[in-house]
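One structure is given below, encoded as structure tokens.
Residues: numbered from 1 along the sequence shown. Atoms within each ligand, like the ligands themselves, are counted from 1 in listed order.
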Amino acid sequence: MRVDVITLFPDFINQSADVGVVGRARKRGLLQVQTWNPRDFAHDNYRTVDERTCGGGPGMVMLIDPLREALGAIREASDAPAHVIYLSPQGPRLTQKKVESLAARPRITLLCGRYEGVDERFVAHEVDEELSIGDYVLSGGELAAAVLIDAVGRLQDGALNDAQSAQQDSFSDGLLDCPHYTRPVEHALGAVPPVLLSGDHAAIRRWRLKQSLGRTWLRRPDLLARRALDKESRALLEEFRREYLAAQRLEAKTGPQD
Ligand code: ADE
């Protein structure tokens, strides 16, 4: 997969995409990340990329022409459609489902805004979609682009060492991940749940699914409301709820049980 990034801070993108799983995917040739600085496409002596906002008020807006020229160069550099994504708080929120569909494309182009944003005419004519990484305002799109590059990069075939681990992610089946433990089995902070040491793979699978369902019910009921549960999941969630509510009643009577 190839990701082109239009940014005034190419070092930020290159450095963040150089470490961990995504860095390894780049080294393995599974992911190509190329940055394009609009300043290199500005033709005045000051290499101007922004201007005051029309109508007055604070803040600067990114100019159309340096962005258009950068995009033209990106289009020339490959045959696949550029599919331009503008990272902005005005877009719909990024989800794992969206990440999966973008990760299957041969190529995407990310536009990172700075200042008050990008001239709306560029957005209307050249941008295919806007995406936000959350309901808060960053000082630019670079962090959001780095998030998206990480999320699509780790899904490239061969990027993760354990082939199963992407399938077991939180959200990949619409649920939060179950808790994980490692050695030592006994610790001052508590013991590892015995079922995980039982070697009974069917029981472990059921326990993990039950924990995933229970956590989603407790922490993100909105995710659960959107998902149809099969018979086994409904029964496991019911079991989790009963145990959870019983533990709460006990705690209300006698204080925390540890
Ligand atoms: N740029 C500024 N804030 C952003 C956000 N929340 N998501 C994506 N891009 C942004």
- Provide the closest heavy-atom pair for Ala144 versus Leu138 in the form atom of the first, atom of the second, distance. N-CD1, 4.2 Å
- Query: Can you tell me if CD on Gln248 sees more than 12 non-hydrogen neighbours from other groups inside 6.0 Å?
  - Reply: yes
- Message: So for ligand 1, is Ser139 a polar contact partner (N or O within less than 3.5 Å, distance only)?
- Response: no
- Note on the structure: re atom 7 (N) of ligand 1, the protein heavy-atom contact at minimum distance is Ile133 N, 3.0 Å
- Query: Does ligand 1 have an atom that lies less than 4.0 angstrom from a heavy atom of Cys112?
  - Reply: no
- Task: State the atoms of ligand 1, each with its element, that fall below the 4.0 Å cut-off from a heavy-atom position in Leu131.
- Result: 8 (C)
- Please work out whether any backbone atom (N, CA, C, O) or any side-chain heavy atom from C-beta onward of Ala144 is under 4.0 Å from ligand 1, and answer side chain, backbone, both or neither. side chain
- Query: Is the closest side-chain donor-acceptor distance between Arg107 and Ser78 under 3.5 Å?
  - Reply: yes
- Task: For ligand 1, find out whether one of its N or O atoms is nearer than 3.5 Å to an N or O atom of Val137.
- Result: no
- Message: List ligand 1 atoms under 4.0 Å from Gly134, heavy atoms only on the residue side.
- Response: 6 (N)
- Note on the structure: Only one of Ile149, Ile108, Leu155, Leu30 passes side chain to side chain contact (heavy atoms under 4.5 Å, CB included) with Met1, and that residue is Ile108
- Task: Around atom 3 (N) of ligand 1, find the nearest protein heavy atom and jot down its residue, atom name and distance.
- Result: Leu138 N, 3.0 Å
- Item | Gap between atom CD of Glu232 and atom CZ of Arg206 - 0.5 Å precision | 7.0 Å
- Pick out which of Val147, Val99, Val22 makes a side chain to side chain contact (heavy atoms under 4.5 Å, CB included) with Val152. Val99
- Of all heavy-atom pairs linking Gly117 and Tyr86, the shortest is CA-OH, 3.6 Å
- atom 6 (N) of ligand 1 sits nearest the protein heavy atom Tyr136 O, 2.8 Å
- Message: With a 4.0 Å cut-off on heavy atoms, is Leu143 in contact with ligand 1?
- Response: no
- Task: Answer with side chain, backbone, both or neither: which part of Asp135 has a heavy atom less than 4.0 angstrom from an atom of ligand 1?
- Result: neither
- Is it possible for you to say whether Val61 and Ile6 belong to one hydrophobic cluster, with membership spreading through side-chain heavy-atom contacts below 4.5 Å? no
